[in-house]
Structure formats: structure tokens, C-alpha cells
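Scope of the values below: all heavy atoms of this structure, side chains included, with no hydrogens, waters or symmetry mates.
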Amino acid sequence: MEGFLVIDKPGGMTSRDVVNIAQRWFPRGTKLGHTGTLDPLATGVLVLCVGRATKLADTVQAMGKRYDTRILLGATSTTDDVDGTVTHTAAEAVHRDAIASLLPRFVGEVLQLPPQFSALKVQGRRAHDLARQGQVVALEPRTVRIDSIDLLAYDWPHLDLAITCGKGTYIRSIARDLGAALHVGGIVQTLRRTAVGPFTVQDSLRLPADAAAAHTRLLPITTLTN
């Protein structure tokens, strides 16, 4: 048994949790892995590779992604989202035009500093593990590709954006840096990944599910070549 299984990951669950559940749906010894971590807060498209498809995990992970996010302005957080320790800045509302004028600054090949709480490895350990121990993690800015940021709605302090981007982009970093540029602070309140390459929410299997449903929704390896 082989192919791609697109899961609509629920909030509050890690990507590893999803893999652990999915392993019960396939014969013992079947190779299975995910193609890019989603934060526990995030929901949406998590592509699992089953069987021989695991050889294509890096290919899928390198594909473009689409997100819908709600940013809470006027706040900062230890994790750059509402799952961390949140501090409200008591900032005054900013005008929509000020936000719209700043968004192009974040589009293109840009240098982005990952969040302290991230899955990146520092000297062999996950940054989020070190951060939870109170250590300041020395992460370096990285070049990422952000293809577009569309302003969907704005009602202070809530800002809704649709973002298309490449591998390694942190939406939490966009929220943090946009909030800093506006001098009010910004954190991710909600985050939903709606697509990874050709895999979309419409392809996805919602949890809870069973083996029969998973086998029915398994997409062939040729999905990447069609």
C-alpha cells in the first residue's frame, strides 16, 4: 500500500500525533511520515507519505504552501502566537492603509528570523525544547520565499491574511515582524494551511477516521506527476 494521504489536522494536535494515529490504519511495517510540521495551534493540510511515497517526502516538503491566518495586533508572545505567554501592548488601533502599505515589504525573497519556539535544531536539540528551559536560542535569519500576502479583512485588533509561500516560512514570524513594523506588536491567533502543492483541504481526511476511510482517500504517487 502506497501513496499520499492528506489529513485535515485538528488544532491542539502535533504532526507526530497524526502520524501515530495514521500508523494504525496500515499493515505493520508500512513506512509512513509527514512532509512538514504544523504547530499544534494550526489546522489544515498535513500530507502523509505512505510506503514508497516516503521517498518523495522532500519533494512535497519543498512545494509551495497556502495559509489563512488571523493575526492579533496589539500583543506580543513568547511563542509569537496565542499559545505562549501573551502580553497586550495597549497600543492604539492602526489604520488599514498603514497595514496595506507595509505588506509588500514581506513579499519576495526575504530574510526571516525563525521563532524561538520552533522545531529547528540547535546543536542537535530542538529550539523549542531549549526555549522551554528558559534558554535564549541563537537562531540565524534565513532567506525564505513569500509569493503573496492578501489582506482579507481587518477589524482592530484582528487582521486576516491569505499567504502563499515557500518551504521554511514561519507565519508566526510574519505576524511578529509586521506587528513590530507597525509599532503595536502582532501574534498569530489562528492558522490554517489550505494547500501544499497540489494537495488541498478538499482532498483531506478529517479526524477521527478509520482505516477504511483512509484507504479510500489515499492518493496515488502519480499525483505529483499528473
Side-chain angles (χ1 to χ4, degrees), residues 6 9 14-15 33-47 49 56-73 76-84 99-131 136-152 159-182 184-201 224:
V6 185
K9 188 189 86 66
T14 68
S15 300
H34 68 75
T35 60
T37 301
L38 273 177
D39 294 334
L41 172 143
T43 67
V45 173
L46 183 68
V47 182
C49 297
L56 296 170
D58 289 344
T59 300
V60 176
Q61 193 165 2
M63 290 178 167
K65 300 167 179 64
R66 294 203 306 268
Y67 295 91
D68 289 338
T69 186
R70 169 163 285 187
I71 293 172
L72 177 65
L73 297 173
T76 60
S77 166
T78 53
T79 57
D80 299 318
D81 63 20
V82 295
D83 275 355
I99 298 170
S101 67
L102 278 175
L103 292 181
R105 180 187 302 182
F106 297 90
V107 176
E109 300 282 335
V110 299
L111 272 179
Q112 185 182 80
L113 181 66
Q116 286 280 300
F117 283 80
S118 67
L120 296 176
K121 285 192 174 181
V122 179
Q123 296 180 343
R125 298 187 63 188
R126 298 290 185 186
H128 55 65
D129 291 333
L130 297 172
V136 177
V137 184
L139 296 173
E140 295 293 330
R142 306 181 305 164
T143 299
V144 298
R145 190 192 81 244
I146 301 173
D147 299 312
S148 66
I149 303 179
D150 295 318
L151 199 164
L152 301 179
L159 171 65
D160 295 342
L161 302 176
I163 300 171
T164 60
C165 58
K167 176 184 177 181
T169 302
Y170 281 94
I171 307 303
R172 285 181 289 146
S173 293
I174 295 175
R176 179 199 65 210
D177 295 344
L178 177 60
L182 291 165
V184 298
I187 61 178
V188 166
Q189 184 169 12
T190 65
L191 180 62
R192 182 163 178 77
R193 187 155 69 189
T194 58
V196 175
F199 305 103
T200 68
V201 169
L224 290 189

List the atom pairs, with distances to 0.1 Å, where a side-chain N or O of residues 102-114 and a protein N or O form a donor-acceptor pair under 3.5 Å, not counting sequence neighbours.
{"unit_1": "Q112", "atom_1": "OE1", "unit_2": "Y170", "atom_2": "N", "d": "2.8"}
{"unit_1": "Q112", "atom_1": "NE2", "unit_2": "Y170", "atom_2": "O", "d": "3.2"}

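The side chain to side chain contact (heavy atoms under 4.5 Å, CB included) test with R172 singles out one residue from D177, L191, I187, V188, and that residue is V188.
In this structure, the side chain of D81 engages the main chain of D83 through a donor-acceptor pair within 3.5 Å.
The nearest pair of heavy atoms linking V6 to F199 is CG2-CD2, 3.7 Å. Closest approach of S173 to P115, counting heavy atoms only: OG-CD, 3.3 Å. Nearest heavy-atom pair across V144 and G168 is CG1-O, 3.7 Å. Here the closest non-hydrogen pair linking K65 and K167 is NZ-CA, 4.1 Å.
Contacts of A180 classified as side-chain contact (heavy atoms from CB on, under 4.5 Å), with partners at least two apart in sequence or in another chain: none. T43 meets the side chain to side chain donor-acceptor pair (under 3.5 Å) test with R192; sequence neighbours excluded. Shown here are the side chain to side chain donor-acceptor pair (under 3.5 Å) partners of T194, two or more places apart in sequence or in another chain: there are none. Applying the salt bridge (Lys or Arg N to Asp or Glu O under 4.0 Å) criterion to R176, with sequence neighbours excluded, gives D80. Partners of D160 under the salt bridge (Lys or Arg N to Asp or Glu O under 4.0 Å) rule, at least two apart in sequence or in another chain, are R70. The side chain to side chain donor-acceptor pair (under 3.5 Å) search around T164 returns S148, not counting sequence neighbours. Legend: residues meeting side chain to side chain donor-acceptor pair (under 3.5 Å) with R145, ordered by chain and number and at least two apart, are D147.
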Derivation and outcome, side chain to side chain contact (heavy atoms under 4.5 Å, CB included), residues C49 and L56: CA-CA 8 Å; C49 297; L56 296 170; 5.5 Å; no
